[in-house]
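FYI, the numbering just counts along the sequence from 1.
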Amino acid sequence: MKGLFVILACWLVGNCLSIAINGYLSGNIIGMLLLFTLLCCGVVKGETVRGAAKFLLGTMALFFVPFGVGLIDSYGVIMENIWAIVVATLISTAGVIVAVGWVFQLLNRKGNG
C-alpha cells in the first residue's frame with residue numbers, strides 16, 4: 001500500500017506542477033521524473049514501490065482497452081483518411097531515420113576524432 005501511495009503521490013505532484021506551468025510538460029512525465037529522482041537519491045527505496053510497480057505493469061493491458069474501443073468506434077473516420085495516415089506515417093518514419101542517422105554520424109565522428 002505504501003508503494004502505491006508513493007507512486008500516486010508522485011503522479012499527483014506531477015499533475016499539480018503541470019497545471020502550474022500551464023501544461024507545458026505532461027503531469028505524468030513530471031511525476032515519473034520525480035519518482036525516478038526520489039529513487040536515485042535514496043529518498044524512496046526500490047523495495048517500497050516494487051510490489052505496486054509489478055502490479056501496475058502486470059495489469060497494464062487493461063489500460064489500453066479504452067484506446068482500442070475508441071479505435072473501433074472511429075473505424076469509419078480512420079478508413080476515410082487512411083491514405084493521409086499512411087503518407088504521414090511513412091514521411092515521419094523516414095524523417096526520424098534520417099535524423100537519427102545524422103546524429104549518430106555526428107556523435108561517431110566526435111567520439112573518434
Within a strict 4.5 Å, meaning less than it, do heavy atoms of the [X] and [Y] side chains meet?
X: Trp102; Y: Val98; result: yes
X: Ile30; Y: Ile21; result: yes
X: Asn28; Y: Asn15; result: yes

[X] with [Y], same ILVMFWY side-chain cluster at under 4.5 Å:
X: Leu57; Y: Phe63; value: yes
X: Val65; Y: Leu56; value: no
X: Phe55; Y: Ile7; value: yes
X: Met1; Y: Trp11; value: no
X: Leu90; Y: Met79; value: no

About how many Å separate [atom2] of [Y] and [atom1] of [X], when rounded to the nearest 0.5 Å?
X: Gln105; Y: Leu107; atom1: CD; atom2: CG; result: 10.5 Å
X: Leu39; Y: Leu34; atom1: CG; atom2: CG; result: 9.5 Å
X: Lys110; Y: Asn108; atom1: NZ; atom2: CG; result: 12.5 Å
X: Leu12; Y: Phe5; atom1: CG; atom2: CZ; result: 9.0 Å
X: Arg109; Y: Phe104; atom1: CZ; atom2: CZ; result: 11.0 Å
X: Ser26; Y: Leu17; atom1: OG; atom2: CG; result: 12.0 Å

For the backbone of [Y] and the side chain of [X], can you confirm whether one donor and one acceptor N or O come within less than 3.5 Å of each other?
X: Ser92; Y: Thr89; result: yes
X: Ser18; Y: Gly14; result: no
X: Thr48; Y: Gly3; result: no

Flag if over 12 foreign heavy atoms under 6.0 Å of CZ, Phe64:
no
